[in-house]
S.K.: 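Structure provided below as structure tokens; questions to follow.
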Amino acid sequence: MKKLIVIFFILFVSSSSYSQEKKYAYLAGGCFWCMEAAFEKIEGVSTVISGYSGGTKVNPSYEEVVKGKTGHIETVKITYDPKQISYLELLKKFWINIDPYDGQGQFCDKGKSYASVIFYQNEEEKKLIDQSINEMKLLNRNKIKTAFVEYKNFYPAEDYHQDFYKKNPNHYYSYLAGCGRVDRLKEIWK
């Protein structure tokens, strides 16, 4: 009987791990605090981690990234359940949270480290980027400055950046209002 219970437990645990499939999306939309806040509220997203992607330096610091010496961009790593939300749906949420026409950064944050980028991991994701553009009727394809770059790395940002909007709401909302993000998004996506 004990062997039967052990076998049942092993089968149950292994089958439940298959049902908890997780995938990752890597998106850069300027300030990673804002991107984290936007994506953590989406059903099917389990975690959003602020970090750095696309550059050459291993484990860069925030100061190094914003000085432009690493080639990295402020990025969020989104862990999601594809049974609840698709990569295509995540891309649609991405578009409405950025200014796709700003090639100099995002909102009040300027420079390469604040660029908008979709880091695709395979050919399927690359095709879905194109599909997402076609499905976003308000998106002017000819004016898009968002880059589409093959994913190569991600390094989590320092702890004080994680969940910044929750830990420091006054600072975060002052930044959000002062940076003009909300007004510009309304202007683009009206």
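Residue numbers run from 1 in the order of the sequence given.
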S.K.: Evaluate the side-chain proximity of Leu138 to Lys190: yes if any heavy-atom separation is below 4.5 Å, no if none is.
M.R.: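 No, side chains not in contact.
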
S.K.: Taking the six-membered ring of Tyr24 (Phe, Tyr or Trp), confirm whether the NZ or CZ of Lys77 is under 6.0 Å from its centre and within 45° of its axis.
M.R.: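 Checked: cation-pi criterion met.
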
S.K.: Begin with the C-alpha distance, continue with both residues' side-chain angles, and end with the deciding distance and a verdict on side chain to side chain contact (heavy atoms under 4.5 Å, CB included) for Ile73 and Lys112.
M.R.: CA-CA 7 Å; Ile73 298 164; Lys112 182 175 171 33; 4.0 Å; yes

S.K.: Can the SG atoms of Cys31 and Cys179 be said to lie under 2.5 Å from each other?
M.R.: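 No - the two cysteines, Cys31 and Cys179, have SG atoms at least 2.5 Å from each other.
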
S.K.: Is the shortest heavy-atom distance from the side chain of Lys22 to the side chain of Asp81 under 4.5 Å?
M.R.: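 They are not in contact (no side-chain heavy atoms under 4.5 Å apart), so the answer is no.
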
S.K.: With distance as the sole test, does Glu64 use its side chain to make a donor-acceptor pair with the main-chain N or O of Pro60 at under 3.5 Å?
M.R.: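 No; zero donor-acceptor contacts below 3.5 Å.
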
S.K.: Give the minimum heavy-atom separation between Leu128 and Tyr87, together with the two atoms involved.
M.R.: CD1-CD2, 3.8 Å

S.K.: With rounding to the nearest 0.5 angstrom, report the CD to NZ distance, Gln104 to Lys145.
M.R.: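 Going from the CD atom of Gln104 to the NZ atom of Lys145 covers 9.0 Å.
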
S.K.: Test your reading of the model: is there a side-chain donor-acceptor pair from Glu135 to the backbone of Ser132, 3.5 Å cut-off?
M.R.: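 Answer holds: no.
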
S.K.: Can you tell me how far NZ of Lys127 sits from CG of Leu88, rounded to the nearest 0.5 angstrom?
M.R.: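 Rounded to the nearest 0.5 Å, the CG-NZ separation comes to 14.0 Å.
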
S.K.: Quick one, Leu27 with Phe39, criterion side chain to side chain contact (heavy atoms under 4.5 Å, CB included). Give me CA distance, side-chain angles, the key distance, then yes/no.
M.R.: CA-CA 10 Å; Leu27 304 171; Phe39 281 92; 3.8 Å; yes

S.K.: If you count heavy atoms of other groups shown closer than 6.0 angstrom to CD of Glu43, is the number above 12?
M.R.: no

S.K.: For side chain to side chain contact (heavy atoms under 4.5 Å, CB included), just list the numbers for Phe107 and Leu176, CA-CA rounded to whole Å, side-chain angles, deciding distance to a tenth of an Å, and then say yes or no.
M.R.: CA-CA 10 Å; Phe107 311 100; Leu176 189 64; over 6 Å; no

S.K.: Has the side chain of Gln162 got a donor or acceptor atom that lies under 3.5 Å from a matching backbone atom of Ala157?
M.R.: yes

S.K.: Assigning hydrophobic clusters by single linkage (Ile, Leu, Val, Met, Phe, Trp, Tyr; side-chain heavy-atom cutoff under 4.5 Å), is Met35 placed with Val149?
M.R.: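 No.
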
S.K.: Is the ring pair Tyr62/Phe32 parallel, tilted or perpendicular, if the boundaries are 30 and 60 degrees?
M.R.: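 Correct class here is tilted.
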
S.K.: Using the rule that Ile, Leu, Val, Met, Phe, Trp and Tyr join whenever any side-chain heavy atoms are under 4.5 Å apart, tell me whether Val66 and Tyr155 fall into a single cluster.
M.R.: no

S.K.: I want to check something: taking the side chain as every heavy atom from C-beta on, are Phe148 and Val117 in contact at a cut-off of under 4.5 Å?
M.R.: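 Answer no - side chains too far apart.
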
S.K.: I'd like to know if the side chain of Asp163 and the backbone of Lys166 have a donor-acceptor N/O pair within less than 3.5 Å.
M.R.: no

S.K.: Could you tell me the separation between the CD1 atom of Ile188 and the CG atom of Asn140, rounded to the nearest 0.5 Å?
M.R.: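 If we round to the nearest 0.5 Å, Ile188:CD1 and Asn140:CG are 11.5 Å apart.
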
S.K.: Please assess Asp99 against Leu185 for the test side chain to side chain contact (heavy atoms under 4.5 Å, CB included), listing each intermediate value before the final yes or no.
M.R.: CA-CA 7 Å; Asp99 178 349; Leu185 289 175; 5.6 Å; no

S.K.: Can you confirm whether the side chains of Trp33 and Ser50 place a donor and an acceptor under 3.5 Å from each other?
M.R.: no

S.K.: Is the closest side-chain donor-acceptor distance between Asn97 and Arg181 under 3.5 Å?
M.R.: no

S.K.: For the CD1 atom of Ile78 and the CZ atom of Phe94, what is their distance to the nearest 0.5 Å?
M.R.: 9.0 Å

S.K.: How far apart are the closest heavy atoms of Glu158 and Ser61, and which atoms are they?
M.R.: OE2-CA, 3.2 Å

S.K.: Considering all heavy atoms of both residues, which atom of His161 and which atom of Tyr52 are nearest to each other, and what is their separation?
M.R.: CD2-OH, 3.9 Å

S.K.: Are side-chain N/O atoms of Thr75 and Ser53 paired as donor and acceptor at under 3.5 Å?
M.R.: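 Judged by distance alone, the side chains do not pair up.
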
S.K.: Okay, side chain of His72, backbone of Lys57: is any donor-acceptor separation there less than 3.5 Å?
M.R.: yes

S.K.: Is the CG atom of Asn134 crowded by more than 12 outside heavy atoms at less than 6.0 Å?
M.R.: yes

S.K.: Are Leu90 and Tyr151 connected into the same hydrophobic cluster when the rule is that any two of I, L, V, M, F, W, Y join if their side-chain heavy atoms are below 4.5 Å apart?
M.R.: no

S.K.: Is Val45 close to Glu40 at the side-chain level, that is, under 4.5 Å between some pair of heavy atoms?
M.R.: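 No; the side chains remain at least 4.5 Å from each other.
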
S.K.: Does any part of the side chain of Ile96, heavy atoms only, come nearer than 4.5 Å to the side chain of Lys92, both counted from C-beta?
M.R.: no

S.K.: Would you say the side chain of Tyr80 lies within less than 4.5 Å of the side chain of Ile42, judging by non-hydrogen atoms?
M.R.: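 No; the side chains remain at least 4.5 Å from each other.
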
S.K.: Distance check, rounded to the nearest 0.5 Å: Gln121 atom CD versus Lys152 atom NZ?
M.R.: 14.5 Å

S.K.: Is the ring pair Phe154/Tyr26 parallel, tilted or perpendicular, if the boundaries are 30 and 60 degrees?
M.R.: tilted

S.K.: Before giving the answer on salt bridge (Lys or Arg N to Asp or Glu O under 4.0 Å), spell out for Asp130 and Arg141 the whole-Å C-alpha distance, their side-chain angles and the decisive distance to 0.1 Å.
M.R.: CA-CA 10 Å; Asp130 193 52; Arg141 180 182 289 275; 2.8 Å; yes

S.K.: So does Glu187 pair up with Arg184, basic N to acidic O under 4.0 Å?
M.R.: yes

S.K.: Would you say that Glu36 contacts Ile49 through its side chain, given a criterion of any heavy-atom pair below 4.5 Å between the two side chains?
M.R.: no

S.K.: Does Trp189 use its side chain to pair, donor to acceptor, with the backbone of Trp95 at less than 3.5 Å?
M.R.: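 Yes; judged by distance alone, with no hydrogens or angles, the pair exists.
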
S.K.: Would you please say whether a donor-acceptor pair under 3.5 Å links the side chains of Asp109 and Tyr175?
M.R.: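 A donor-acceptor contact under 3.5 Å links the two side chains.
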
S.K.: State, without any angle test, whether Glu89 and Ser86 hold a side-chain donor-acceptor pair at a distance under 3.5 Å.
M.R.: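 Note: Glu89 and Ser86 side chains meet the donor-acceptor criterion.
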
S.K.: Does atom NZ of Lys69 have more than 12 heavy-atom neighbours from other groups under 6.0 Å away?
M.R.: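 It does not: Lys69 NZ has 12 such atoms or fewer within range.
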
S.K.: Can you name the closest pair of heavy atoms from Ala28 and Phe119 and give their distance?
M.R.: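 That would be CB-CE1, 4.2 Å.
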
S.K.: Does the ring center of His171 lie less than 6.0 Å from the ring center of Tyr165?
M.R.: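 That pair fails the under 6.0 Å test.
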
S.K.: Would a 4.5 Å heavy-atom cut-off, applied to side chains only, mark Ile129 and Leu91 as touching?
M.R.: yes

